[in-house]
S.K.: 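Got a structure for you, questions after.
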Amino acid sequence: MSLLHKTTLITGSTKGIGLAIATRFAHEGSKIIMASPSSSPSHPSFLSLPSLPPSTTPSHFPFPLDVSSPQSWSHFLKSLPPSHQKIDILINCAGISHSKLLTQTTEDQILSLINTNLTGAILGCKYIGKQMILSSRNRDESTTTKCIINISSLLAKKSVLGTSVYSASKAGLLGLTTSLSKEYGAYGIRVNAILPGYIETAMTQEIPREKWTSEIPLKRFGTPEEVADAAAFLAKNQYANNCILNLDGGLSA
Ligand SMILES: NC(=O)c1ccc[n+]([C@@H]2O[C@H](COP(=O)([O-])OP(=O)(O)OC[C@H]3O[C@@H](n4cnc5c(N)ncnc54)[C@H](OP(=O)(O)O)[C@@H]3O)[C@@H](O)[C@H]2O)c1
């Protein structure tokens, strides 16, 4: 399967891993919907996306989506131009993190993290999944499948001090993925997850490099482009469903 002419919605795609996925998918000919709170037609990340063949108009679409808000999703769904209404690939990448012991974490911090990282992805799977199911009614077995990719984390499974709420949100994404791979798989919608380890982005800027690189078997953090490569694999491989892909340089071993 090729990504050419596919429409891909990527939440959390103005920077870091989401932007790398958007750039990679656009390079392969996919129309990108860049959905983050700061998304706009003049955002440097939006302007940096590779352009598509001139016949694909409009090529990419930015929307200031807050994944944690059902109202924002509702506004988003009503604002999609006809050219972008049939979404083939949904990548739930929006995420925030903080490192704090649970007893020192405020209720607001807990709610905002769970609402962004987990509820946001559940809402995306619900709204976009419904559209995908409706459009799968006319699909015959020979056509390519639609696909959802949830960006979870190594911390869904590995214990690191001060990450309990984040870990819970990312473990929740694994339950969501496995359950939906059955529920949506019946409609030809594949649901998969990537568990990145430590990746070089703004989110990991303050993490002490020496401690972790000595523990990672490959002795370095990963790059956003390496995660994008895994996303391209999952989007294209027509037999990947409930594929839970570790991408952590061996840190999970
Ligand atoms: N970096 C790592 O080592 C690592 C490892 C494992 C998993 N992950 C996961 O990978 C994903 C991307 O991480 P990253 O390192 O690329 O982070 P990042 O560079 O901090 O980027 C976070 C992205 O999420 C967006 N975002 C934040 N709140 C949002 C909301 N309410 N609705 C929609 N979008 C929202 C941000 O948009 P604005 O710029 O508009 O705020 C930004 O585009 C996250 O889910 C993270 O948990 C990261």
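Each ligand, and each atom within it, is numbered from 1 in the order the structure gives.
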S.K.: Would you say ligand 1 has an N or O under 3.5 Å from any N or O of Val67?
M.R.: yes
S.K.: What I'd like to find out is whether the side chain of Ile32 reaches to under 4.5 Å of the side chain of Ile10, using heavy atoms alone.
M.R.: yes
S.K.: Any idea which protein heavy atom is nearest atom 48 (C) of ligand 1, and the distance to it?
M.R.: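 Atom 48 (C) of ligand 1 sits closest to the protein heavy atom Ile17 CD1, 3.6 Å.
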S.K.: I need the nearest protein heavy-atom contact for atom 24 (O) of ligand 1: residue, atom name and distance, please.
M.R.: Gly12 CA, 3.5 Å
S.K.: List every atom of ligand 1 that sits less than 4.0 Å from any heavy atom of Gly16, numbering the atoms from 1 in the order shown and giving each element.
M.R.: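 Counting from 1, the qualifying ligand atoms are 16 (O), 19 (O).
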S.K.: Has Lys219 got more than 12 heavy atoms of other residues, nucleotides or ligands less than 6.0 Å from its NZ?
M.R.: yes
S.K.: Looking only at heavy atoms of Gly197, does any of them come nearer than 4.0 Å to an atom of ligand 1?
M.R.: yes
S.K.: Tell me: protein heavy atom nearest atom 39 (O) of ligand 1, and distance?
M.R.: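 Looking only at protein heavy atoms, the one closest to atom 39 (O) of ligand 1 is Thr14 OG1, 2.9 Å.
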S.K.: In the protein, what heavy atom is nearest to atom 17 (O) of ligand 1, and what distance, to one decimal place, separates them?
M.R.: Met203 CE, 3.7 Å
S.K.: Looking only at protein heavy atoms, which one is nearest to atom 22 (C) of ligand 1, and what is the separation?
M.R.: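 So the nearest neighbour among protein heavy atoms is Gly95 O, 3.7 Å.
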S.K.: Check for me whether Ser152 has a heavy atom closer than 4.0 Å to any atom of ligand 1.
M.R.: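 It does, in that a heavy atom of Ser152 comes within the 4.0 Å cut-off of ligand 1.
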S.K.: Under a 4.0 Å threshold between the charged nitrogen and the carboxylate oxygen, would Glu28 count as salt-bridged to Lys236?
M.R.: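 A salt bridge links Lys236 with Glu28.
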S.K.: Might you work through the salt bridge (charged side-chain N to carboxylate O under 4.0 Å, His left out) test for Glu226 and Arg24, ending with a clear yes or no?
M.R.: CA-CA 10 Å; Glu226 287 166 333; Arg24 169 67 183 265; over 6 Å; no
S.K.: Using modelled atom types only, decide if a donor and an acceptor are shared between the side chain of Ser13 and the backbone of Gly18 within a distance under 3.5 Å.
M.R.: no
S.K.: Are the side chain of Thr201 and the backbone of Gly16 linked by a donor-acceptor contact shorter than 3.5 Å?
M.R.: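 No, Thr201 side chain to Gly16 backbone: no donor-acceptor pair under 3.5 Å.
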S.K.: Name the orientation class of the two ring planes belonging to His60 and Phe46 (parallel below 30°, tilted from 30 to 60°, perpendicular beyond 60°).
M.R.: perpendicular
S.K.: Under 3.5 Å, is there a donor-acceptor pair between the side chain of Gln85 and the main chain of Leu80?
M.R.: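 Yes, Gln85 side chain to Leu80 backbone: donor-acceptor pair under 3.5 Å.
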S.K.: Which heavy atom of the protein is the closest neighbour of atom 40 (O) of ligand 1, given with residue, atom name and distance?
M.R.: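 Ranking protein heavy atoms by distance from atom 40 (O) of ligand 1, first comes Ser38 OG, 2.6 Å.
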S.K.: Any atoms of ligand 1 less than 4.0 Å from a non-hydrogen atom of Ala94? List them with their elements.
M.R.: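 It comes down to these atoms of ligand 1: 24 (O), 33 (C), 34 (N), 35 (C), 45 (O).
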S.K.: With heavy atoms only and a cut-off of under 4.0 Å, state how Glu200 meets ligand 1: side chain, backbone, both or neither.
M.R.: neither
S.K.: With no hydrogens and no angle check, is any side-chain donor or acceptor of Thr11 less than 3.5 Å from a backbone partner on Cys93?
M.R.: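 Yes; at least one donor-acceptor contact below 3.5 Å.
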S.K.: Pick, from Ile207, Thr201, Ile199, the option with the minimum heavy-atom distance to atom 3 (O) of ligand 1.
M.R.: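 Among Ile207, Thr201, Ile199, the closest heavy atom to atom 3 (O) of ligand 1 belongs to Ile199.
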S.K.: Before signing off on this row, confirm whether Ser39 and ligand 1 have an N or O atom pair separated by under 3.5 Å.
M.R.: no
S.K.: Side chains of Trp73 and Asp66, heavy atoms from C-beta outward: is any pair under 4.5 Å?
M.R.: no
S.K.: Decide whether the shortest distance between a heavy atom of Ser13 and an atom of ligand 1 is less than 4.0 Å.
M.R.: yes
S.K.: Quick one: does ligand 1 sit under 4.0 Å from the side chain of Leu154, the backbone, both or neither, non-hydrogen atoms only?
M.R.: neither
S.K.: Report yes if some N/O of Cys93 lies less than 3.5 Å from some N/O of ligand 1; otherwise report no.
M.R.: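 Yes; the residue has a nitrogen or oxygen that sits under 3.5 Å from a nitrogen or oxygen of the ligand.
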S.K.: Nearest non-hydrogen contact with atom 10 (O) of ligand 1 belongs to which option: Ile151, Leu247, Asp248?
M.R.: Ile151
S.K.: Please check whether Asp66 reaches ligand 1 - meaning an N/O of the residue sits under 3.5 Å from an N/O of the ligand, judged on distance alone.
M.R.: yes
S.K.: Heavy atoms only: which of Pro196, Ala202, Gly120 is nearest to atom 6 (C) of ligand 1?
M.R.: Pro196
S.K.: Return yes if a side-chain donor-acceptor contact under 3.5 Å exists between Thr145 and Gln238, otherwise no.
M.R.: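 Per modelled atom types, Thr145 and Gln238 side chains form a pair under 3.5 Å.
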S.K.: Give a yes or no answer on whether the side chain of Asn150 reaches the backbone of Ser152 with a donor-acceptor pair at less than 3.5 Å.
M.R.: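 Side chain of Asn150 to backbone of Ser152: no pair is present.
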S.K.: Please verify whether a non-hydrogen atom of Pro37 lies at under 4.0 Å from ligand 1.
M.R.: yes
S.K.: Within ligand 1, which atoms have a heavy atom of Leu65 less than 4.0 Å away?
M.R.: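 The list of qualifying atoms is 32 (N), 33 (C).
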S.K.: Heavy atom to atom 21 (O) of ligand 1, shortest distance: which of Lys15, Lys170, Gln205 holds it?
M.R.: Lys15
S.K.: Is there a heavy atom of Tyr166 sitting under 4.0 angstrom from any atom of ligand 1?
M.R.: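 Yes, Tyr166 has a heavy atom closer than 4.0 Å to ligand 1.
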S.K.: With a cut-off of 4.0 Å, which atoms of ligand 1 are near a heavy atom of Tyr198?
M.R.: 3 (O)
S.K.: Aromatic rings Phe61 and His84: how do their planes relate, parallel, tilted or perpendicular, breaks at 30° and 60°?
M.R.: tilted
S.K.: For Asp88, run the side-chain hydrogen bond (donor to acceptor under 3.5 Å, both in side chains) check against Lys31, Lys146, Lys6, His5 and tell me which one passes.
M.R.: Lys146
S.K.: Just wondering, more than 12 heavy atoms not from Lys158 lying within 6.0 Å of its NZ?
M.R.: yes
S.K.: Please confirm whether Thr204 approaches ligand 1 to less than 4.0 Å, judged on its heavy atoms.
M.R.: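 Distance cut 4.0 Å: Thr204 passes for ligand 1.
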